[in-house]
There are 2 protein chains.
Amino acid sequence: MASSTVENYLKHLLLAEEGAAGGLVPMGALAGALAVVPGTVTTMVKALADDGLVEHRPRHGVRLTAEGRRVALNVLRKHRLVETFLVKVLKMDWAEVHVEAEQLEHALSDNVLDRLDALLGRPETDPHGDPIPSAQGRLSAEVHATLASCATGRPLRVVRVTEQSKEFLHFVDASGLAPGATVRVTERNLAAGLVTVKKSAGRPLALSLTAAGKILVAPARG
Amino acid sequence: MASSTVENYLKHLLLAEEGAAGGLVPMGALAGALAVVPGTVTTMVKALADDGLVEHRPRHGVRLTAEGRRVALNVLRKHRLVETFLVKVLKMDWAEVHVEAEQLEHALSDNVLDRLDALLGRPETDPHGDPIPSAQGRLSAEVHATLASCATGRPLRVVRVTEQSKEFLHFVDASGLAPGATVRVTERNLAAGLVTVKKSAGRPLALSLTAAGKILVAPARG
DNA sequence: CAAGGTATTTTGATAGCTCAAAATGAGTTT
DNA sequence: AAACTCATTTTGAGCTATCAAAATACCTTG
Ligand SMILES: [Mn+2]
Ligand SMILES: [Mn+2]
Ligand SMILES: [Mn+2]
Ligand SMILES: [Mn+2]
């Protein structure tokens, strides 16, 4: 069995590979994500490579092997299903569940996981709209526009929020921009770095481009 | 935060203190419970003593301090509530939940714990009849007779099974002796080491004294 | 191409937890 | 009392995961 440390390395690697040039993740990026110093990552990555979980291209980066990806997807599945359970069944605040899941993802057996999945009705996304990998290790790779990149004027449905900090999630929720919400982008000012959105009922709301880029949307009633 | 290792040492110490002479647990007993060699326990116990979690009487044994007991009770509470959740909500086999809880007890926050407790309706015992410590750290110390020690002839209610091995629990369940069941001891043969019990409906069942001693009972309809 | 700057790797240490095997202590037995 | 037995402790070592700081490699810039 992989230790929690190994599971975390693999999971963060999986997350970092999305949108990394050639899927190769630089050591520094992984170090940042895991909050350890780069030297530690170099050492660990060599050990993971020896175990066949990653491929290490010295001075270029790391990438998951098929086996490493399998393990990583299973951890990610646990993480997101646990988050869903905590919100849906235990009624926890969606801003708090990430830290809890960070521990529980390593303590849940596959057996418990599957029962949890059944109890929740085999959900496809977690409370933040993040896709839940299937038991077979399939992960939806749907690409979405963000409030920073989408067409203006049209009605949109929020489908996902790609940041888990408490502050940001509270803000998003308080602004009525949680997944499922319907909004329109009324104005986008690149120079000022500002996006203005409007919900059917309510006054317009201003967001920075950075914040807007973390809120993924799809055309409403499509 | 105490590591899982420390939590396990403290929890097993709490369990071993019940019925240990003067509450002092011999190092060897703890080593056996934790499945490590005695030398390891000596080393760890010294570290725990430095942290004020246990009191070490060299060459005599260990005992929890008030602080160590507090931590241990919290872990035990998590363990038993998780077991209850797994059986009641996820419908798992009562023989399988112990191993799962052994991991989850270290990954659950106090916050999640309390919500689980509420969801379950603040149960007082787990699926095996083991008392669940309260959030304030109170643990019921009720003393029960066993099928090996109780009066014969009288109707009895099974209240607790004090062993968690899969095999034993499956046997108990298959024999209809799970907590809640009503039985009578029809015969006890000390020489042969045999106890015979009878359920209202069904043929008599023979048990070894050792097995009978693990099934705790109380007078029925008392 | 030499100099700089930055990411990465290497080196040397440490903390936590564990084992094997030798040493020690404290009764018991003879 | 000397010998024996058994639990406990000590010693020496290893593994995993981490850091600080020095060394190195690979750009980029002048
Ligand atoms: Mn984690
Ligand atoms: Mn999530
Ligand atoms: Mn445990
Ligand atoms: Mn139990």
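Letters A, B, ... are given to chains in the order of the sequence lines, protein chains preceding strands, and every chain is numbered from 1. Predicted model only: the values in this text are computed from it and were never measured.
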Closest nucleotide of DNA chain D for Val36(A) versus for His60(A): which of these residues is on the 5' side? Val36(A)
To the nearest Å, give me how far apart CD (Glu7(A)) and P (dA17(D)) are. 11 Å
Over all atoms of both residues, closest heavy-atom pair of Leu76(B) and Leu139(B): CD2-CD2, 4.3 Å
Taking OP1 and OP2 of dT16(D), is either one under 4.0 Å from a side-chain nitrogen or oxygen of Ser3(A)? no
Counting the atoms with a prime plus P, OP1 and OP2 as sugar-phosphate, which does Gly39(B) contact under 4.0 Å by heavy atoms, base, sugar-phosphate, or nothing? base
Atom-pair distance (CG on Leu53(B); P on dG16(C)), nearest Å: 13 Å
Separation of Leu30(A) atom CG from dT8(C) atom C1', in whole Å? 13 Å
Can you measure Met27(B) atom CE to dG25(C) atom P for me and round it to whole angstrom units? 16 Å
Go through Glu67(B) and Arg70(B) one step at a time and tell me if the side-chain contact (heavy atoms from CB on, under 4.5 Å) criterion holds. CA-CA 5 Å; Glu67(B) 169 66 1; Arg70(B) 221 207 77 244; 2.7 Å; yes
Whole angstrom is fine here: how far is it from CG in Leu34(A) over to C1' in dA17(D)? 12 Å
Rounded to the Å, how far apart are His12(A) NE2 and dA17(D) C1'? 16 Å
Take atom CZ of Arg57(A) and atom P of dC26(D), then tell me their distance rounded to the nearest Å. 12 Å
Check whether any side-chain heavy atom of Trp94(A) lies under 4.5 Å from a side-chain heavy atom of Val172(A), and answer yes or no. yes
Glu96(A) and Asn111(B), any side-chain heavy atoms less than 4.5 Å apart: yes
In residues 40-48 of chain A, what residues come within less than 4.0 Å of DNA chain C, judged by heavy atoms? Thr42(A), Lys46(A)
Lys88(A) atom NZ, over 12 foreign heavy atoms within 6.0 Å: no
Looking only at side-chain atoms of Pro38(B), point me to the closest of dC19(C), dC19(D), dT9(D). dT9(D)
Do His144(B) and Val217(B) have side-chain heavy atoms sitting under 4.5 Å apart? no
With respect to the phosphate group of dT18(D), does any side-chain polar atom (N or O) of Tyr9(A) fall under 4.0 Å of OP1 or OP2? yes
Any donor-acceptor pair under 3.5 Å joining the side chain of Arg59(A) to the base of dT24(D)? yes
Grab the CG-C1' distance between Asp51(A) and dT16(D) for me, whole Å please. 12 Å
Which atom of Ala49(A) lies closest to which atom of His56(A), heavy atoms considered: CB-CB, 4.4 Å
Using a 4.0 Å heavy-atom cut-off across all strands, classify His56(B) as base, sugar-phosphate, or nothing. sugar-phosphate
